[in-house]
Asker: 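Below you'll find the structure I mean.
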Amino acid sequence: MSTPSTQVVSADAKTILLIEDDEAHALLIRRAFESHPEGYVIDVVRTLREARDTLEHHVPALVIADYRLPDGEGVELLQVQSNTASVCPVVIMTGHGDEHLAVESMRAGAIDYIVKSDATMGGMPRTADRVLREWHHIEQRRKAEQALALSEERYALAAKAVNDGLWDWNLETNTVYYSPRLKAMLGFAEGDLDDTLDAAFGLVHEGDVGLLRAAIDSHLSGGTPHLECECRMLNNNDSDFRWMMIRGLAVRYSDGVAYRMAGSLTDIHERKRAEQQLHHDALHDVLTGLPNRALFMDRLSRCLERARRCDNYLFAVLFLDLDRFKVVNDSLGHTVGDELLKSVADRLLDSLRDGDTVCRFGGDEFGVVLDGIDREDEAMQIAKRIAQRVEQTYRLSGDEVFTTASIGIALGSNDADSAESLIHNADTAMFRAKAHGRGYVELFKGTMHMDALQQLHLENDLRRALAHEELTVFYQPIVSLESGRIEGFEALVRWQHPEKGLVLPCEFIPLVEETGLINAMGRYVLKLACAQLREWQHRLLLPDLTISVNISAKQFVESDLADQIKKMLHEYALKPACLKLEITENLIMENTEDASQFVEALYEHGIGLAMDDFGTGYSSLSYLHSIPVDTLKIDRSFVSQMDTDSNGFEIVRTIIALARTLKINVTAEGVESIDQLTLLRALQCPMAQGFYFSKPLDVASAEALLISRPSW
Ligand SMILES: Nc1nc2c(ncn2[C@@H]2O[C@@H]3COP(=O)(O)O[C@H]4[C@@H](O)[C@H](n5cnc6c(=O)[nH]c(N)nc65)O[C@@H]4COP(=O)(O)O[C@H]3[C@H]2O)c(=O)[nH]1
């Protein structure tokens, strides 16, 4: 028989060629096939020669050959002319005692053998079925391997061109071929890497092992059309992990079971790094390297999801804004400003736990998510710790820089609605903290939004009030306890609201300060008060009548405040000693530098300075030596208690004694009863003010009171 590739041979799937010279045996086998459902035609020949002739023209489904034939041995069919077993399965039959021949036949390429007996010959159809199934299997595999060899050849060429490494895993022996290029890519010399799967898995980053195994399993089980997995693999040369792309394709039996998988290894490290950088840049702030708003929102959303799942899970959002950052930026330059932001970022990271997230929203605003806190006040404690850490001195480009942070806190639990609303709440609380001054921490409360809306209306109203001169001044007499006569007045602002009527300062002064309207309002009140004093001094012939005007801390921001006051005195031709400016002790303590410059300027000009609400603030008496205060105003809270509480009395007594020693004037505020007045007189308090004498009055009533020349 010549090779199938050179001879035209017709394949006959319904014919079985039986080579048997023993007629009885041939008959037995033929009969056995008669009832076979496939309806095989049994073509019987007696000699090797006949068999060869037949095979020249037909390829049967199966050849069954007796070992001993008249002109040779059945096994010769397998040995000559590049053998029959390559085109169809051959089963050899031997006699008893010839089993060794059967083994030889199998070695030569027979697919199976039987030792002749009635039973084995009668059971030949079953043997044929099994053998044909097996042959089909082998055929399939041969075809797949041929196709694979072809595509592998192509692939090897392509892989060489793109510099990939190749691998080929025999699932049956569980050995892997790694190409020299693949080994070189992983930093191994030719003989260095074992031919096992574990050898490669041992190089995969532990974080990616699970992923790779899952990808392989999924492809082997037919879940994915091919294997494709990106993972980090250790490079033997430099002990660094590099990103690799592993691709592969399984070769399967017809029943889908894979027996081999082969593929490539591509170095994708640079591409992956570039991708990671892009991804990082999209989610991080370039200056500080902290997560940006987008990433922050993502982390926050995860906390929200968790809160919805677990009842007891609590988290918090902090909104942090640096106070006076603009001053640093404007005075020391943007480079120092940037350094400050970076240092603040570092300190924030330092102050938090691993699971927490810090981000920069932009400018001098930062956000923090405190993941999983135990109690509400824990958020407050952490925020205060952060505020303290931020407050510590920074050494930047040779300068000592100071800053503080105002922090708003919004608590998140299972009833929090969205990430945006939590940030908004924390922002609202931060604004409230800022209104208190620098370095405050405030916890968000539901009423704050309402307050914010009301404040917005109020602010608009106030701007209109200033433009339409709805603000006015009331006057409350200040009485000399020695003479019992009015010495002067304190000017107290009022808002004559078109709908609400008379509005008291406590309702609008904080907002006026917050919005910066305080400067315009302060000038306006001062002008009205000076004009009124001038008029009363002249018309009522009271040249020594005084006026006290309140100055807010926020007015110090205007550096020319002292000059404005001097100009005003000049304009109304008033003696400087007739004007007293009332400031609070807190104001002095918080703005020491600005305050002392301002106070010095006033002092030089002979303008009096009264310390308002004395005893309620820092009560640090040391500044009384350094700041030229000429009047202490004892706070109403002490005066109101002095006739009922011995402590109150003691405090008032001590302040009066202290002032006397320091040669400073004293005014007792909030005198409401004759008893209080009597006690104050007994303590030789020089001046007093309060409802007992008169409430603050409009211009006409104050003038009427003056004209009546009351005496107490
Ligand atoms: N219960 C009681 N209260 C008494 C008594 N005697 C006086 N008062 C009230 O005590 C406040 C005294 O003014 P203050 O301590 O400077 O406290 C002032 C001052 O800090 C601020 N303020 C008022 N006018 C101005 C202003 O023109 N500019 C600035 N910056 N602040 C002002 O608003 C605060 C409150 O002012 P008012 O509501 O006018 O309240 C006034 C006055 O009406 C008394 O016997 N009993």
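In each ligand, atom 1 is the first atom listed, and ligand 1 is the first ligand listed.
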Asker: Using a 3.5 Å cut-off on N or O atoms only, is Arg494 in polar contact with ligand 1?
Answerer: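 So ligand 1 has an N or O lying under 3.5 Å from an N or O of Arg494.
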Asker: Numbering the atoms of ligand 1 from 1, which are under 4.0 Å from a heavy atom of Glu582?
Answerer: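 It comes down to these atoms of ligand 1: 16 (O).
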Asker: Near Ile509, which atoms of ligand 1 are under 4.0 Å from a heavy atom of that residue?
Answerer: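 Taking each heavy atom of Ile509 in turn, ligand 1 has 29 (C), 31 (N), 32 (C) under 4.0 Å.
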Asker: What residue and atom, counting heavy atoms only, is the protein's closest point to atom 46 (N) of ligand 1, and at what distance?
Answerer: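 Looking only at protein heavy atoms, the one closest to atom 46 (N) of ligand 1 is Glu672 OE2, 2.5 Å.
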Asker: Quick check: does any side chain N or O of Gln532 sit under 3.5 Å from a backbone N or O of Leu528, one acting as donor and the other as acceptor?
Answerer: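 No; judged by distance alone, with no hydrogens or angles, the pair does not exist.
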Asker: So, Asp635 versus Ser637: side-chain donor-acceptor pair below 3.5 Å or not?
Answerer: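 Note: Asp635 and Ser637 side chains meet the donor-acceptor criterion.
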Asker: Considering only the protein, which heavy-atom contact is closest to atom 17 (O) of ligand 1, and what is its distance?
Answerer: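 The closest one turns out to be Asp612 OD2, 4.6 Å.
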Asker: Testing the basics here: between Cys530 and Tyr572, what is the closest heavy-atom pair and its distance to 0.1 Å?
Answerer: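 Looking at all heavy atoms of both residues, the closest pair is CB-CD1, 3.8 Å.
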Asker: Please give me the minimum heavy-atom distance between Val390 and Thr404, naming the atom from each residue.
Answerer: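 Val390 and Thr404 have their closest heavy atoms at CG1-C, 4.3 Å.
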Asker: Checking a contact table here: which protein heavy atom is nearest atom 37 (P) of ligand 1, and how many Å away?
Answerer: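 The closest one turns out to be Pro505 CG, 3.7 Å.
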Asker: Has Gln537 got a side-chain atom pairing as donor or acceptor with Leu545's backbone, closer than 3.5 angstrom?
Answerer: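 Side chain of Gln537 to backbone of Leu545: a pair is present.
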Asker: Given Leu492, Leu471, Leu526, which has its nearest heavy atom closest to atom 23 (C) of ligand 1?
Answerer: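 Among Leu492, Leu471, Leu526, the closest heavy atom to atom 23 (C) of ligand 1 comes from Leu492.
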Asker: Does the protein place a non-hydrogen atom closer than 4.0 angstrom to atom 31 (N) of ligand 1?
Answerer: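 Within 4.0 Å of atom 31 (N) of ligand 1, protein heavy atoms are found.
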Asker: Looking at ligand 1, does Arg636 have a heavy atom less than 4.0 Å from it?
Answerer: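 Right, Arg636 reaches ligand 1.
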Asker: When you measure from the side chain of Arg681 to the backbone N and O of Gln684, does any donor-acceptor pair fall under 3.5 Å?
Answerer: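 Between the backbone of Gln684 and the side chain of Arg681 there is no qualifying donor-acceptor contact (under 3.5 Å).
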Asker: Keeping the roles fixed (side chain from Glu669, backbone from Gln689), state whether a donor-acceptor pair exists under 3.5 Å.
Answerer: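 A pair under 3.5 Å: no.
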Asker: Quick one: does Glu490 get a heavy atom under 4.0 Å from ligand 1?
Answerer: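 In this structure, Glu490 qualifies as a contact of ligand 1 - some heavy atom is under 4.0 Å.
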Asker: Which atoms from ligand 1 have a heavy atom of Gly670 less than 4.0 Å away?
Answerer: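 Near Gly670, meaning under 4.0 Å from one of its heavy atoms, ligand 1 has 5 (C), 6 (N), 44 (C), 45 (O).
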Asker: Taking N or O atoms only and a 3.5 Å limit, does Phe691 qualify as a polar contact for ligand 1?
Answerer: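 In this structure, Phe691 places an N or O atom under 3.5 Å from an N or O of ligand 1.
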Asker: When you measure from the side chain of Ser406 to the backbone of Phe431, do you find a donor-acceptor pair of N or O atoms at a distance under 3.5 Å?
Answerer: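 Pair absent, no side-chain N/O of Ser406 close to backbone of Phe431.
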Asker: Under 3.5 Å, side chain of Tyr524 to main-chain N/O of Leu471, donor-acceptor pair present?
Answerer: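 Judged by distance alone, yes, a pair lies under 3.5 Å.
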Asker: So, does Lys695 sit close enough to ligand 1 that a heavy atom of it is under 4.0 Å from the ligand?
Answerer: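 False for this residue.
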Asker: Answer yes or no: is there a donor N or O on one side and an acceptor on the other, between the side chain of Glu365 and the main chain of Phe361, under 3.5 Å?
Answerer: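 Such a contact is absent between Glu365 side chain and Phe361 backbone.
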Asker: So which bit of Gln476 gets within less than 4.0 Å of ligand 1, heavy atoms only: side chain, backbone, both or neither?
Answerer: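 Under 4.0 Å from ligand 1, Gln476 contributes side-chain atoms alone.
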Asker: Give a yes or no on whether atom 6 (N) of ligand 1 lies under 4.0 Å from any heavy atom of the protein.
Answerer: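 Protein heavy atom within 4.0 Å of atom 6 (N) of ligand 1: present.
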Asker: Are any side-chain N or O atoms of His468 and backbone N or O atoms of Arg464, one a donor and one an acceptor, separated by less than 3.5 Å?
Answerer: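 Yes, because the side chain of His468 sits within donor-acceptor range (under 3.5 Å) of the backbone of Arg464.
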Asker: To which of Val671, Asn550, Val493 does the heavy atom nearest atom 19 (C) of ligand 1 belong?
Answerer: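 Going through Val671, Asn550, Val493 one by one, Asn550 has the nearest heavy atom to atom 19 (C) of ligand 1.
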Asker: Using a strict 4.0 Å cut-off to heavy atoms of Ser552, name the atoms of ligand 1 that fall inside it.
Answerer: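 Within the 4.0 Å cut-off of Ser552, ligand 1 contributes 30 (N).
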Asker: Does ligand 1 have a heavy atom under 4.0 Å from the side chain of Glu669, from its backbone, from both, or from neither?
Answerer: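 The answer is the side chain of Glu669.
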Asker: Can you sort out which atoms of ligand 1 are near Pro696, meaning under 4.0 Å from one of its heavy atoms?
Answerer: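 Listed by number with element: 43 (O).
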Asker: With atoms numbered from 1 as shown, which atoms in ligand 1 lie under 4.0 angstrom from a non-hydrogen atom of Gly690?
Answerer: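 Once the distances to Gly690 are compared, the set is 6 (N), 45 (O).
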Asker: Counting N and O atoms only, with roles assigned by atom type, does the side chain of Arg660 sit under 3.5 Å from a partner on the main chain of Lys663, one being a donor and the other an acceptor?
Answerer: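 No, because the side chain of Arg660 does not come within donor-acceptor range (under 3.5 Å) of the backbone of Lys663.
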Asker: Has the side chain of Arg653 got a donor or acceptor atom that lies under 3.5 Å from a matching backbone atom of Leu683?
Answerer: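 Such a contact is absent between Arg653 side chain and Leu683 backbone.
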Asker: Does Val473 approach ligand 1 within less than 4.0 angstrom via side chain, backbone, both or neither, non-hydrogen atoms only?
Answerer: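 Val473 to ligand 1: no contact under 4.0 Å from either part.
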